[in-house]
Novice: 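Have a look at the structure that comes next, please.
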Amino acid sequence: MNLIALIIIIALATEYLLQSIAAVLNLRALRKPVPEEFRGSLDESEAEKSRAYTRANTRVSIASSAFFFVLLLLFWFAGGFNLLDQWVRSLGWGEILTGLIYIGILMLARMVLALPFSIWSTFVVEEKFGFNRTTPTTFLADRLKGLLVTIAIGGPLLAAILAFFTWGGDLAWLWAWIGVTLFMLAVQFIAPAWIMPLFNEFKPLEDESLRKKIHDYAESVGFPFQGVWVMDGSRRSGKSNAFFTGFGKNKRIALFDTLVEQHEERELLAIVAHEVGHYKLRHIPKNSILSILQTGVLFALLQFFLLEPALYNAFFMEEISIYAGLLFFGLLYSPVELILSVGMQALSRKYEFEADAFAASTTEDPEGMVQALKKLSKDNLSNLNPHPLHVFLNYSHPPVLERIEAIRAVAPARG
């Protein structure tokens, strides 16, 4: 075992143990009583159902993490990466196509091995707690469509990256960075109009009264109103959500139909205002810029390690190849990725606080946002007492109690 192998193993084991410790601490934190803020809206039986839901999901997560951690080590030290490489090379189909097949087989294998966990989560856990509305047909169709989209979009992108690093010389990282950046921007533009409708149906909001309130609000804050869309989230789950995506003429605010059904106009306006806040505060372009910069650093480091024999020796490879190097560098990069992920999660939580404050101040109704958050937490069986370490590692949104306290600090509640 060389130094690179040792670094990768230590990094993977550290991340696995850290997440496991966070999961255990998060389960222990469930013993805390219902926060005072929720005493009037959540009884003890509902609180216990929320705790049970967190426990069930945590068990699935722990089992999945342990399975793939052990599987990776077994495949690695059994020489699986090299055996697959030798077989794919024997087909004699050229460097780029060989790389696509090599990475494609590994990705497909992981997807198939993850199916039992997805099936259990959907048809056992979500079913038990009354959320699942996905039929086996829809479940299978989603996986097949996801696979086809990955092949149609991800395949050419991967081929381009392999080509850049095969023939791009010393500036390969730069060409790859430019290419991937253009791809990321293109996907943000086309996803709302072309990709997302493959999985869900989007219809204009029909409620005239609510639509007028949203239109008037959008005008008051200078948001270029292009309508609000309702997504058929109920086709798969009873949970509620909302999101803002895209840019230019393809940007849209989408509300789950379950959200529209379960919330009052006041609460829905606050939720829309929160999503408008992300737009007005330029959170999406800021995140895009950070992602682009991270991608540039990633490719620069990748070029440095890509032809390093020690990287391939760590995985018992007989030959150096760009496509295998991409995978191995991804594992070597995992400690940096963990740190960046924690940083991006913290930034995301900051953005959520800012969007909440924007909604509370511009609607002049902070209590509308508070009530929306309470109802979302109750309906989605959210964990009201997550452990700080679990939040630190995994939460893109602040815990709901912290959000409510921050909203109340921005402006006094209106009755």
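Only this structure's heavy atoms are used, side chains among them; waters, hydrogens and symmetry mates stay out.
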Novice: Measure the CZ-CG distance between Phe315 and Leu331 for me, rounded to the nearest 0.5 Å.
Specialist: 4.5 Å
Novice: Quick one: CG on Leu384 to CG on Leu42, what's the gap to the nearest 0.5 Å?
Specialist: 6.0 Å
Novice: Can any side-chain N or O of Asp356 pair as donor or acceptor with the backbone N or O of Arg403 at less than 3.5 Å?
Specialist: no
Novice: Got more than 12 heavy atoms from elsewhere within 6.0 Å of CD, Glu206?
Specialist: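 At most 12 heavy atoms, drawn from other residues, nucleotides or ligands, come within 6.0 Å of this atom.
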Novice: Any sub-3.5 Å donor-acceptor pair from Asp232's side-chain atoms to Glu201's backbone N or O?
Specialist: yes
Novice: Would you call Glu37 and Lys374 a salt bridge, taking side-chain N to carboxylate O under 4.0 Å as the test?
Specialist: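 Lys374 and Glu37: salt-bridged.
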Novice: Please work out whether the ring planes of Phe202 and Phe243 are parallel, tilted or perpendicular, with thresholds of 30° and 60°.
Specialist: perpendicular
Novice: Kindly say whether Thr58 contributes a backbone atom to a donor-acceptor pair with the side chain of Ser61 at under 3.5 angstrom?
Specialist: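 Side chain of Ser61 to backbone of Thr58: no pair is present.
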Novice: What is the ring orientation for His278 with His274, classed by angle as parallel under 30°, tilted 30 to 60°, or perpendicular over 60°?
Specialist: perpendicular
Novice: Okay, side chain of Thr181, backbone of Trp177: is any donor-acceptor separation there less than 3.5 Å?
Specialist: yes
Novice: Run the side-chain hydrogen bond (donor to acceptor under 3.5 Å, both in side chains) check on Thr135 and Thr138 step by step: do they pass?
Specialist: CA-CA 5 Å; Thr135 64; Thr138 299; 3.0 Å; yes
Novice: Would you say the rings of Phe123 and Phe139 are close, in the sense that their centroids are separated by under 6.0 Å?
Specialist: yes
Novice: Between Arg349 and Tyr395 (side chain of the first, backbone of the second, donor and acceptor by atom type, cut-off under 3.5 Å), is there such a pair?
Specialist: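 Checking the backbone N and O of Tyr395 against the side chain of Arg349, a donor-acceptor pair under 3.5 Å is found.
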Novice: If we ignore hydrogens and angles and just use 3.5 Å, is the side chain of Glu275 paired with the main-chain N or O of Ile253 as donor and acceptor?
Specialist: no
Novice: Between Asn380 (side chain) and Ser382 (backbone), is there a donor-acceptor pair under 3.5 Å?
Specialist: no
Novice: Nearest 0.5 Å please: distance from the CD1 atom of Ile190 over to the CG atom of Leu185.
Specialist: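 Rounded to the nearest 0.5 Å, the CD1-CG separation comes out at 11.5 Å.
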Novice: Taking Asn394's backbone N and O only, do any of them form a donor-acceptor pair with Gln345's side chain (distance below 3.5 Å, no angle check)?
Specialist: yes
Novice: Is the Tyr333 to Phe305 ring centre distance short of 6.0 Å?
Specialist: no
Novice: Is it true that a side-chain atom of Ser396 and a backbone atom of Ser348 form a donor plus acceptor pair closer than 3.5 Å?
Specialist: no
Novice: Here's a test for you: under side chain to side chain donor-acceptor pair (under 3.5 Å), which of Thr134, Asp142, Thr122 qualifies with Arg236?
Specialist: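 Exactly one option meets the side chain to side chain donor-acceptor pair (under 3.5 Å) with Arg236, and it is Asp142.
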Novice: Name all residues meeting the side chain to side chain donor-acceptor pair (under 3.5 Å) criterion together with Arg211; count only those two or more places apart in sequence or in a different chain, and write none if there are none.
Specialist: Glu208
Novice: Given 3.5 Å as the limit, does a donor-acceptor pair link the side chain of Ser334 with the main chain of Gly330, or not?
Specialist: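 No: the side chain of Ser334 does not pair with the backbone of Gly330.
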Novice: Answer yes when Glu48 and Arg55 have at least one side-chain N-carboxylate O distance shorter than 4.0 Å, and no when they do not.
Specialist: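 Yes, this pair counts.
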Novice: Taking atom CG of Leu115 and atom CH2 of Trp120, what is their separation to the nearest 0.5 Å?
Specialist: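 With rounding to 0.5 Å, CG (Leu115) is 15.5 Å from CH2 (Trp120).
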Novice: Which residue pairs pass the ring-ring contact (aromatic ring centres under 6.0 Å, His included) test when at least one of the two sits in residues 335-361, sequence neighbours left out?
Specialist: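 Listed once each, the pairs are His283-Tyr351.
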Novice: Can you tell me how far the CD atom of Gln19 sits from the CG atom of Leu338, to the nearest 0.5 Å?
Specialist: 7.5 Å
Novice: Please evaluate residues Gln262 and Ser240 with respect to the criterion side-chain hydrogen bond (donor to acceptor under 3.5 Å, both in side chains), reporting the C-alpha separation (whole Å), side-chain torsions for both, the decisive distance (0.1 Å), and the verdict.
Specialist: CA-CA 8 Å; Gln262 297 165 2; Ser240 302; 2.9 Å; yes
Novice: So among Phe316, Trp76, Phe75, which one has a ring-ring contact (aromatic ring centres under 6.0 Å, His included) with Phe81?
Specialist: Phe75
Novice: Look up atom CD1 in Ile101 and atom CZ in Arg89, then write down how far apart they are to the nearest 0.5 Å.
Specialist: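 Reported value, rounded in 0.5 Å steps: 12.5 Å.
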